[in-house]
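Worth saying up front: this structure is predicted, and the values here are computed from it rather than measured.
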Amino acid sequence: MILVNGGVPMAFAGTEAPAAYGELISIGGLGPSVNSKLSSTIADVLHTKLSIDSSRFYIKFYDVQRSFFGFNGSTF
């Protein structure tokens, strides 16, 4: 799932040029190698679709336990 809130005022590195912040949550599967590949892919998408330079966004990765993620009235 992806949620994009466009038009939100954001200052990044002292300017209001296009910028982004994101959080990626996964139930397992994350790690240094995967995170690097995901970061690169997300950077490409942000640049291509939203004209956000790769130096103007942060992404925070969370690898959570199944019991910490709810769905359909229960947890995974």
Side-chain angles (χ1 to χ4, degrees):
M1 294 181 285
I2 297 173
L3 171 65
V4 177
N5 288 327
V8 176
M10 178 183 277
F12 188 104
T15 75
E16 292 184 16
Y21 170 79
E23 296 184 1
L24 189 148
I25 302 168
S26 179
I27 301 172
L30 295 179
S33 176
V34 171
N35 296 359
S36 180
K37 290 176 187 173
L38 287 168
S39 187
S40 177
T41 300
I42 291 167
D44 289 343
V45 171
L46 289 174
H47 182 71
T48 302
K49 301 292 185 184
L50 301 174
S51 300
I52 298 173
D53 188 79
S54 63
S55 66
R56 295 198 47 83
F57 84 93
Y58 285 114
I59 184 164
K60 188 173 183 178
F61 295 94
Y62 292 96
D63 196 357
V64 300
Q65 297 175 24
R66 297 175 65 81
S67 62
F68 287 13
F69 217 88
F71 172 72
N72 199 21
S74 186
T75 60
F76 286 94

Would a distance-only check, ignoring hydrogens and angles, find a side-chain to backbone donor-acceptor pair under 3.5 Å from Thr41 to Lys37?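 Pair found, side chain donor or acceptor close to backbone of Lys37.
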Val4-Met10 co-clustered via ILVMFWY side chain contacts under 4.5 Å: no
Sort and list the pairs that fulfil side chain to side chain donor-acceptor pair (under 3.5 Å) and have at least one residue in residues 67-76, not counting sequence neighbours.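 Qualifying pairs, neighbours excluded: none.
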Quick one: side chain to side chain donor-acceptor pair (under 3.5 Å) partners of [X], sequence neighbours excluded?
X     : result
Lys60 : Tyr62
Tyr21 : Glu23
Asp53 : Ser55

Look at the rings of Phe76 and Phe71 and say which category their plane angle falls in: under 30° parallel, 30 to 60° tilted, over 60° perpendicular.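 Aromatic pair Phe76/Phe71 classed parallel.
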Hydrophobic cluster partners of Leu30 (side-chain heavy atoms under 4.5 Å):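 When side chains under 4.5 Å apart are linked, the cluster holding Leu30 also contains Leu24, Val34, Leu38, Ile42, Leu46, Leu50, Ile52, Phe57, Ile59, Phe61.
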Please list all pairs meeting ring pair (Phe, Tyr, Trp, His ring centres under 6.0 Å) that have one or both residues in residues 31-54, counting only residues at least two apart or in different chains.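 Output for this query is empty, none listed.
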Shortest non-hydrogen contact from [X] to [Y]?
X     : Y     : value
Ala20 : Phe12 : O-CE1, 4.5 Å
Ser51 : Pro18 : O-CB, 3.9 Å
Ala13 : Arg56 : CB-NH1, 4.1 Å

May I ask you to check whether over 12 heavy atoms, not counting those of Tyr58, lie within 6.0 Å of atom OH? no
